[in-house]
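Note sheet for the following structure.
Note that this is a predicted model, so its numbers are computed, not measured.
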Amino acid sequence: RSSDLELEQRLAKFTGTEEAIIYSYGFSTIASAIPAYSKRGDIVFVDEASSFAIQKGLQASRSHIKYFKHNDIADLERLLKEQELEDQKNPRKARVTRRFIVV
């Protein structure tokens with residue numbers, strides 16, 4: 001629907017990303033959407049209190065998962081800064097590694 005696409009475009013603009021995607025909440029949607037986007041070698045930053053469906057999707061993705069404390073933006077920022085330091089050690093790998101944040 002056009003209203004969904006408009007909202008996704010507005011979210012992308014608001015977050016300063018190329019794209020954003022919205023899914024309705026449902027176990028199969030979440031559990032299948034995450035591994036459809038995130039693959040082995042990707043890094044996913046995720047709230048430690050994420051739902052069971054999100055956890056199953058992350059498990060299926062085989063991505064590298066980094067948990068931050070529930071609703072703690074400072075802890076997420078800490079993890080992102082740590083990742084930035086790791087990326088500086090191996091910039092070639094950093095260029096091809098995709099990163100996601102799941103809340």
Side-chain angles (χ1 to χ4, degrees):
R1 297 185 330 204
S2 63
S3 60
D4 294 337
L5 294 175
E6 181 184 344
L7 179 56
E8 288 174 350
Q9 291 170 349
R10 292 174 115 192
L11 282 171
K13 184 177 179 181
F14 177 75
T15 59
T17 59
E18 290 180 30
E19 296 179 291
I21 191 163
I22 317 169
Y23 281 96
S24 61
Y25 188 85
F27 184 91
S28 61
T29 301
I30 294 169
S32 63
I34 291 172
Y37 289 96
S38 180
K39 307 289 185 202
R40 184 188 304 267
D42 293 340
I43 300 171
V44 182
F45 300 91
V46 62
D47 189 307
E48 67 183 6
S50 62
S51 71
F52 183 71
I54 289 173
Q55 292 173 28
K56 295 313 273 182
L58 291 167
Q59 185 179 37
S61 77
R62 299 173 141 185
S63 298
H64 183 69
I65 311 303
K66 296 188 177 194
Y67 289 97
F68 58 91
K69 295 175 187 170
H70 180 55
N71 285 341
D72 189 336
I73 196 74
D75 195 43
L76 171 59
E77 185 175 16
R78 177 188 62 79
L79 290 176
L80 294 171
K81 286 180 180 179
E82 286 176 6
Q83 186 60 50
E84 183 178 25
L85 292 174
E86 286 298 312
D87 291 346
Q88 290 172 1
K89 292 177 186 175
N90 191 345
R92 177 183 249 168
K93 181 179 178 185
R95 279 193 299 273
V96 297
T97 301
R98 298 180 312 157
R99 291 156 194 82
F100 300 90
I101 298 174
V102 177
V103 292

Ignoring hydrogens, what is the shortest heavy-atom contact between [X] and [Y]? Give both atom names and the distance.
X   : Y   : answer
T17 : T15 : OG1-OG1, 3.0 Å
F68 : L79 : CB-CD1, 3.7 Å
F27 : F52 : CE1-CD2, 3.5 Å
S61 : S38 : CB-O, 3.1 Å

To the closest 0.5 Å, what do you measure between [atom1] ([X]) and [atom2] ([Y])?
X   : Y   : atom1 : atom2 : answer
I22 : L11 : CD1   : CG    : 5.0 Å
I54 : D47 : CD1   : CG    : 8.5 Å
E19 : Q9  : CD    : CD    : 9.5 Å
L5  : I21 : CG    : CD1   : 9.5 Å
Q55 : E48 : CD    : CD    : 10.5 Å
S50 : H70 : OG    : NE2   : 10.0 Å

_Flag if over 12 foreign heavy atoms under 6.0 Å of CD, Q88_ = yes
_Around atom CD1 of I73, are there more than 12 heavy atoms from other residues, nucleotides or ligands closer than 6.0 Å?_
no
*Linking I/L/V/M/F/W/Y whenever their side-chain heavy atoms sit closer than 4.5 Å, directly or via other members, would L76 and V103 fall into one cluster?*
yes
*Linked, directly or transitively: V44 and I101 (ILVMFWY side chains, under 4.5 Å)*: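 No, it is not one cluster - the side chains of V44 and I101 are not joined through contacts under 4.5 Å.
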*Indicate whether the side chain of D87 and that of Q83 have a donor and an acceptor atom separated by less than 3.5 Å.*
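Indeed, the side chains of D87 and Q83 share at least one donor-acceptor pair under 3.5 Å.
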*Go through the steps to decide whether E86 and K89 satisfy the test side chain to side chain contact (heavy atoms under 4.5 Å, CB included), and finish with yes or no.*
CA-CA 5 Å; E86 286 298 312; K89 292 177 186 175; 3.3 Å; yes
Would you say that [X] contacts [Y] through its side chain, given a criterion of any heavy-atom pair below 4.5 Å between the two side chains?
X   : Y   : result
Q59 : K56 : yes
T97 : I43 : yes
K81 : R78 : no

*Between R98 and Y37, is there a donor-acceptor pair closer than 3.5 Å when you use the side chain of the first and the backbone of the second?*
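The answer is yes, because a donor-acceptor pair under 3.5 Å joins these two groups.
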*Mind running salt bridge (charged side-chain N to carboxylate O under 4.0 Å, His left out) on D42 and K39 for me, showing each step along the way?*
CA-CA 6 Å; D42 293 340; K39 307 289 185 202; over 6 Å; no
